[in-house]
Trainee: 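Next up is a structure, given as structure tokens.
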There are 2 protein chains.
Amino acid sequence: MTEFDNFFKSAFTVDNVIFGFDEGDLKVLLIKRGEAPYMGQWALPGYFVYPNEDLDTAANRVLEELTGLRHVYLEQVKTFGAVNRHPFGRVITVAYFSLVKINDYKLQPASIARKAQWHPVSEVKELAFDHFEILQSCFQRLKSSVRWRPIGFELLPPHFTLTELQHLYEAILETELDKRNFRKKILGMDLLLDLDQTQEGVAHRPAKLYRFDREKYLRFQAEGFNFELKEGQRKEVRKRRMEAV
Amino acid sequence: MTEFDNFFKSAFTVDNVIFGFDEGDLKVLLIKRGEAPYMGQWALPGYFVYPNEDLDTAANRVLEELTGLRHVYLEQVKTFGAVNRHPFGRVITVAYFSLVKINDYKLQPASIARKAQWHPVSEVKELAFDHFEILQSCFQRLKSSVRWRPIGFELLPPHFTLTELQHLYEAILETELDKRNFRKKILGMDLLLDLDQTQEGVAHRPAKLYRFDREKYLRFQAEGFNFELKEGQRKEVRKRRMEAV
DNA sequence: TTGCACTGGTGTAAAATACACACTAATTTC
DNA sequence: GAAATTAGTGTGTATTTTACACCAGTGCAA
């Protein structure tokens, strides 16, 4: 028993914004609440942090229980602790986002029980607690992270075409990119491995398949190489400035 | 009494990395611990979050108790919750950084009692708990924030010269900037108000004084204007790449 | 088999930005 | 009035971003 035990303690949780990419849409995995408060509403998956658990571990656990996936990209974003954010008492929550390849994802028993479902990010309008705000923070963070590090690949299957990759970036950045400039930039980073394979079963000229070369990325990163994807930003700003006039 | 009360609860705190700028050095306000654990060691100022307090409020309170300052720039950075980060029990801490003008800062009774002292960031080598890691995260965040938003002004007195501003940026970014390019870029942002005054009491040609035009900044920000300060980055990367070879 | 629908794939020129670089101007001090 | 010190200023080159349009390969249907 130390002086410590006299201080106020609170419940604390992690909430995980699980992003996936499918059918050209950026999606987020939500859960239909089966209990009060906010019964029947959609919410972010989250849970209490156990006493013997680091924060990252807890976030990974929440993710794995739902999707069965481990070793996926996970990033801590922000902590939400408004006094009244939970009607039953003080709960502080650490928000994470993670990136999963939807195809890898096998519905876990837990996720069926918890009625998990993918929702296009752009169509989510309302969530339990302050989860909508949390979602927005995480989406914002994903947007800025993706410009600096090639984390987009985490959302695609191991083999993908350049067009798929571009659509992914467009979904995340909520903008349109120029095909030629995008390809120039991405290929110029020298992070893609040409697999000498092409798509099959498509009713048009098949595209080449690539995979992300993680080893090369790590080597480049150590050398201080810069992966900034600037494209579309200046344009965006200019557009907004015009609109403002 | 709800189901809630059965869950594990933990103590949680905020820690505040208070940056200041003085004598050309970026500094951080540290406290000499007067109690176990880590008695006698330097630590970041921090305290428990009260039951009726939001996180930002707690961070502001910690800051005000030490410096007497309110309404300064404050940014949440990251939450640290490793199981054993505190020897007396589980403590989760939310790290913030804040930017204060050292000249405004009046030593508060509380800060004298707590033996607060400014330390050049570059000379801090070891801190209590995981505070060194926290400091590094916050410094890193300051570095990247300062490239995107003109928050540097928060560290300078209301009136300053361009050279002072440049030294500040150099201290934060840990690099040297070219005088002419820096001035071109900063003045081009059109955020500085020329005060038609000059320095006094200096033994050389006196410099013009400027102040930051916050209103204009807010207006520009609303228009989606971009304040990126890119200078020095490409150079840095290239240098590091050379070294790596 | 031919043509249509569809998506894949490619280069270049103009504009904006980043970078490197060196001298004159104004003031104090001795 | 000479020396010392910092303020202030402009231009050319390299790099990056941007805008933009056509031919190529495949499946499918007529």
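Keep in mind it's a predicted model, so treat the numbers as computed, not measured. Quick note on labels: first sequence line is chain A, next is B, and so on, each numbered from 1.
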Trainee: Using whole Å, what does the distance between atom P of nucleotide C:dG9 and atom CG of A:Leu187 come to?
Mentor: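 So the two atoms are 10 Å apart, to the nearest Å.
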Trainee: Say whether A:Glu215 and A:Tyr217, considering side chains only, have a donor N or O and an acceptor N or O under 3.5 Å apart.
Mentor: no
Trainee: To the nearest Å, how far apart are B:Ile186 CD1 and C:dA18 C1'?
Mentor: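 Going from B:Ile186 (CD1) to C:dA18 (C1'), I get 15 Å.
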Trainee: I need the CZ-C1' distance between B:Arg183 and C:dA20, as an integer number of Å.
Mentor: 17 Å
Trainee: Below 30° counts as parallel, above 60° as perpendicular, anything between as tilted: where do the rings of A:Phe212 and A:Phe153 land?
Mentor: parallel
Trainee: To the nearest Å, how far apart are B:Phe182 CZ and C:dT17 P?
Mentor: 18 Å
Trainee: Treating primed atoms plus P, OP1 and OP2 as sugar-phosphate and everything else as base, which nucleotides of nucleotides 22-30 of chain C get B, S or - for protein heavy atoms under 4.0 Å?
Mentor: B--BBBS--
Trainee: Could you tell me the separation between the CD atom of A:Glu200 and the P atom of C:dT7, rounded to a whole number of Å?
Mentor: 19 Å
Trainee: Only Watson-Crick and G-U wobble pairs with both distances less than 3.5 Å should count. Give DNA chain D in dot-bracket notation, marking inter-strand partners with |.
Mentor: ||||||||||||||||||||||||||||||
Trainee: To the nearest 0.5 Å, what is the distance between NZ on A:Lys185 and CD on A:Gln166?
Mentor: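 Between atom NZ of A:Lys185 and atom CD of A:Gln166 there are 14.5 Å.
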Trainee: What is the distance from CG of A:Asp178 to C1' of C:dG9, rounded to the nearest Å?
Mentor: 13 Å
Trainee: From CD of A:Gln199 over to C1' of C:dG9, roughly how many Å is that when rounded to an integer?
Mentor: 13 Å
Trainee: Report yes or no: do B:Ser145 and B:Glu75 form a side-chain donor-acceptor pair below 3.5 Å?
Mentor: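 Checked: B:Ser145/B:Glu75 side chains pair up, N/O donor to acceptor below 3.5 Å.
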Trainee: Taking salt bridge (charged side-chain N to carboxylate O under 4.0 Å, His left out) as the definition, give me every residue that meets it alongside A:Arg114, ordered by chain and number, with sequence neighbours left out.
Mentor: none
Trainee: Consider side-chain hydrogen bond (donor to acceptor under 3.5 Å, both in side chains). Of A:Asn60, A:Asp15, A:Asp56, which one does A:Tyr96 pass it with?
Mentor: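 Answer to the side-chain hydrogen bond (donor to acceptor under 3.5 Å, both in side chains) test with A:Tyr96 among A:Asn60, A:Asp15, A:Asp56: A:Asp56.
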Trainee: Quick one: sort the B:Trp148 and A:Trp148 rings into parallel, tilted or perpendicular, breaks at 30° and 60°.
Mentor: perpendicular
Trainee: Return the set of residues passing side-chain hydrogen bond (donor to acceptor under 3.5 Å, both in side chains) with B:Glu164 (not counting sequence neighbours), or none when no residue passes.
Mentor: none
Trainee: Rounded to whole Å, please give me the gap between CG in A:Asn181 and P in C:dA16.
Mentor: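 Checked: the CG to P distance equals 16 Å.
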Trainee: With a cut-off of under 6.0 Å to the ring centre and 45° to the axis, is B:Lys184 in cation-pi contact with B:Phe182?
Mentor: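 The answer is no, since B:Lys184 fails at least one limit relative to B:Phe182.
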Trainee: Got a sec? Which of residues 152-172 of chain B come in under 4.0 Å of DNA chain D, heavy atoms?
Mentor: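 Listed by number, they are B:Thr163.
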Trainee: Heavy atoms under 4.0 Å, any strand shown: does A:Lys184 hit a base, just sugar-phosphate, or nothing?
Mentor: base
Trainee: Filter on salt bridge (Lys or Arg N to Asp or Glu O under 4.0 Å), then keep only pairs touching residues 186-202 of chain B, sequence neighbours left out; what's left?
Mentor: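 Sorted pair list: B:Asp190-B:Lys216, B:Asp194-B:Lys208.
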Trainee: Could you check whether the rings of A:His119 and A:Trp42 sit parallel, tilted or perpendicular, using 30° and 60° as the cut-offs?
Mentor: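 Because their plane-to-plane angle is over 60°, the rings of A:His119 and A:Trp42 count as perpendicular.
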Trainee: Reckon B:Lys185 has a side-chain N or O less than 4.0 Å from the OP1 or OP2 of C:dA18?
Mentor: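 Yes.
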